[in-house]
There are 2 protein chains.
Amino acid sequence: MARLTNLNLSDQVTNELGKAIIDGSYNNETGFPSEAQLCEEYGISRTSVREAVKMLAAKGLISSKPRQGIRIELPEKWNFYDTNVLTWMLASSPSLTVLREFLQMRFAIEPQAAALAAKYGTKEDIAEIGKALEGMRAAAQTPDGDLHKADLEFHTAILQASGNRFFSQLKDFIRTALNVSIQHTTPAKGSNEAIVEEHHKVYIAISEGNVERAKNLMVYLIDEAMTVIEDEIKAQES
Amino acid sequence: MARLTNLNLSDQVTNELGKAIIDGSYNNETGFPSEAQLCEEYGISRTSVREAVKMLAAKGLISSKPRQGIRIELPEKWNFYDTNVLTWMLASSPSLTVLREFLQMRFAIEPQAAALAAKYGTKEDIAEIGKALEGMRAAAQTPDGDLHKADLEFHTAILQASGNRFFSQLKDFIRTALNVSIQHTTPAKGSNEAIVEEHHKVYIAISEGNVERAKNLMVYLIDEAMTVIEDEIKAQES
DNA sequence: TATGAAATATTATAATACAATTGAAGGGAA
DNA sequence: TTCCCTTCAATTGTATTATAATATTTCATA
């Protein structure tokens, strides 16, 4: 077990088990270990094991009943919008398929968020988007500026500006999606200015309250990434 | 404490505390009770209290550290895509605002899901949509048929057919959204046939693989509900 | 005042005991 | 045999107690 001493024992075990469940190391055919077995396996008390089990149950990964033991829930019950679950899933299968699923979600969420930001965004929220944009511009002009990080800020600022809890809750989700995205898409270097310019257009549309335009421009932004992925998937299949 | 004897003690306490946290009965100013205090308050052992606390922590509602005690996390950390959290939130504030937020999410998710279903849906998935549609038709023609339930099935079948885990994971979310929606929107009775017909069009578009049309028709479906809500909100404000 | 050490309150972990639940095995009767 | 009932056993559920770890507060000292 990876000893992250800044984490509780139960948190550590939660992590280990979560990863193992999601990557398929455990399954209900071979049988999931009982509490007692987990105690032995990790050399810890039942108290901690139970706390870990409860946390995993809270995330939808497992359930447990007397005499029946601990069972892995069907994957459709897993809460993929939980940051940990998401991380565990990506650790186990960072495939192009997952990346495409991410992009499809971004395609649904972000244009709508941009539209809402244009419609309802407060001055403060929109100022944050502007600040993120400045960060992108600065990073694009500096030799080793972290454009990617600034990009993340821009997109999350828009989610925040939507004024809708369900959208802004997806900040971590989108961050993760963008991070994975970056690892796959070969960065078309040299086009930094173009990237910033496209984001700038989105910002303008939002700050002007141009709902439809904000949405369309965001669609355009994501569509580019989507195209790259679809091509890669096609290349792999053939 | 509501004694739901089919639930664990820790589950019961999780429920009680979850609700109380979300409706604001507890807050960090007045101070959140310590484990010992919770034991007294609910008359249970520390074991159960701790398990409940861990579950709430897993859902992002609280965190706890030695000497510092249990603290409520910022609402932006709360995992609203967790079924329990969602239920607790609705129990505390079933306002029009929440309903609008729900609809905005549906507006983002469902048209895209319909598009994906049209593009990638398997025969089996699409057959399920068709079956749900038949259910709607039957319910619409029967005097006291449950059209609403059949409607739910239709929409969740589309999410399933998207072939994207992140979309199909939102089935419970959308179900809840639809349920709340029904409670608010005065059912424009007499138009049952029209409703079924509109859903039928969506089904046709999906089964024919007509991506754009599927998306647009779904937008239309949700937009109607959205309009009703927006009007209600305006009426309330004035 | 600033620094550091000690006291303290709270969570973190462990060990143990017993209760509750439920699936399976076994035994008796139709 | 087949069905139903009882008994048994394995596993989780709950409680109690004790100790460790941690971080805040207090207080003494330079």
Side-chain angles (χ1 to χ4, degrees), chain A residues 1-18 20-21 26-73 77 84, chain B residues 1-18 20-21 26-73 77 84:
Chain A
M1 178 166 47
R3 287 273 160 196
L4 301 165
T5 41
N6 58 330
L7 286 184
N8 291 339
L9 263 182
S10 47
D11 288 339
Q12 290 176 46
V13 176
T14 305
N15 252 287
E16 296 291 321
L17 287 177
I21 289 168
Y26 291 122
N27 63 68
N28 285 325
E29 272 65 44
T30 65
F32 197 84
S34 68
E35 289 180 1
Q37 288 170 323
L38 290 172
C39 290
E40 275 211 24
E41 193 169 333
Y42 291 99
I44 60 178
S45 72
R46 235 187 103 195
T47 310
S48 300
V49 165
R50 280 186 64 80
E51 287 175 359
V53 165
K54 287 288 177 184
M55 283 194 280
L56 292 171
K59 293 175 189 299
L61 297 187
I62 59 179
S63 68
S64 70
K65 279 186 187 169
R67 165 75 214 199
Q68 169 187 292
I70 301 164
R71 302 179 61 175
I72 299 175
E73 289 282 349
K77 293 275 190 80
N84 290 320
Chain B
M1 175 166 50
R3 286 275 160 195
L4 301 165
T5 42
N6 59 329
L7 286 185
N8 291 339
L9 264 182
S10 46
D11 287 339
Q12 289 176 47
V13 175
T14 304
N15 252 289
E16 296 291 321
L17 287 176
I21 290 169
Y26 291 121
N27 62 68
N28 286 325
E29 273 64 44
T30 65
F32 197 86
S34 68
E35 288 180 0
Q37 288 169 322
L38 289 172
C39 290
E40 276 211 22
E41 193 168 334
Y42 291 99
I44 59 176
S45 73
R46 240 188 100 198
T47 310
S48 300
V49 165
R50 280 186 63 81
E51 287 175 359
V53 165
K54 287 289 177 182
M55 282 193 280
L56 291 170
K59 294 175 189 298
L61 296 187
I62 58 179
S63 66
S64 71
K65 279 184 188 170
R67 166 74 213 196
Q68 170 187 290
I70 301 165
R71 302 180 63 173
I72 299 176
E73 289 282 348
K77 295 274 190 81
N84 290 319

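Nothing here was measured: the structure is a model prediction, and the numbers come from that model. Lettering of chains follows the sequences in order, A, B, ..., and the numbering in each one begins at 1.
Atom pair A:Lys65:NZ and D:dA10:P shows a separation of 21 Å (rounding to whole Å applied). Here D:dG13 presents its P atom at 13 Å from CD of B:Gln12, a figure rounded to the nearest Å. Here D:dT11 presents its C1' atom at 10 Å from CD of A:Gln68, a figure rounded to the nearest Å. Remark: P of C:dT10 and CD1 of B:Ile62 are 16 Å apart, rounded to the nearest angstrom. Computed from coordinates, the A:Glu40 CD to D:dT11 P distance equals 12 Å when rounded to whole Å. Distance, B:Leu38 CG to D:dA15 P: 14 Å, rounded to whole Å. Between the CZ atom of B:Arg46 and the C1' atom of C:dT13 there is a distance of 9 Å, rounded to whole Å.
Taking only side-chain nitrogens and oxygens, B:Ser64 never comes nearer than 4.0 Å to OP1 or OP2 of C:dT10.
Using a distance-only test at 3.5 Å, with no hydrogens or angles considered, a donor-acceptor pair links the side chain of A:Asn27 to the main chain of A:Thr30. With hydrogens and angles ignored, the 3.5 Å screen pairs a side-chain donor or acceptor of B:Gln37 with a backbone N or O of B:Ser34.
In this view, A:Lys77 and A:Glu73 satisfy the salt bridge (Lys or Arg N to Asp or Glu O under 4.0 Å) rule, not counting sequence neighbours. Remark: B:Ala20 pairs with B:Ser25, B:Tyr26 by the side chain to side chain contact (heavy atoms under 4.5 Å, CB included) rule, at least two apart or across chains. The side-chain hydrogen bond (donor to acceptor under 3.5 Å, both in side chains) search around B:Asn84 returns none, not counting sequence neighbours.
Atom CD of B:Glu40 has 12 or fewer neighbouring heavy atoms from other residues, nucleotides or ligands inside a 6.0 Å radius.
Distance from the side chain of B:Asn8 is smallest to D:dT14 among D:dT11, D:dT22, D:dT14. For B:Arg67, the side-chain atoms get nearest to D:dT22 when compared with the rest of D:dT22, C:dA20, D:dT14. Closest contact between the side chain of B:Ser45 and the listed nucleotides C:dT13, D:dA21, D:dT16 involves D:dT16.
Sequence neighbours left out, not one pair with a member in residues 61-72 of chain A passes salt bridge (charged side-chain N to carboxylate O under 4.0 Å, His left out).
Proximity of A:Ile62 to A:Leu17: side-chain heavy atoms (C-beta onward) are nowhere separated by under 4.5 Å.
Within residues 47-60 of chain B, the residues that place at least one heavy atom under 4.0 Å from DNA chain D are, in residue-number order, B:Thr47, B:Ser48. Only at 4.0 angstrom or more do the heavy atoms of residues 29-37 of chain B sit from any atom of DNA chain D, so none qualifies.
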Please list, one pair per line, the donor and acceptor atoms closer than 3.5 Å that link side chains of residues 50-61 of chain A to other protein atoms, with sequence neighbours excluded.
| residue | atom | partner | partner atom | Å |
| --- | --- | --- | --- | --- |
| A:Arg50 | NE | B:Glu51 | OE2 | 2.7 |
| A:Arg50 | NH1 | A:Glu35 | OE2 | 2.7 |
| A:Arg50 | NH2 | B:Glu51 | OE1 | 3.3 |
| A:Arg50 | NH2 | B:Glu51 | OE2 | 3.3 |
| A:Glu51 | OE1 | B:Arg50 | NH2 | 3.4 |
| A:Glu51 | OE2 | B:Arg50 | NE | 2.7 |
| A:Glu51 | OE2 | B:Arg50 | NH2 | 3.3 |
| A:Lys54 | NZ | B:Ser10 | OG | 3.3 |
| A:Lys59 | NZ | A:Asp82 | OD1 | 3.2 |
| A:Lys59 | NZ | A:Asp82 | OD2 | 2.7 |
| A:Lys59 | NZ | B:Ala58 | O | 3.1 |

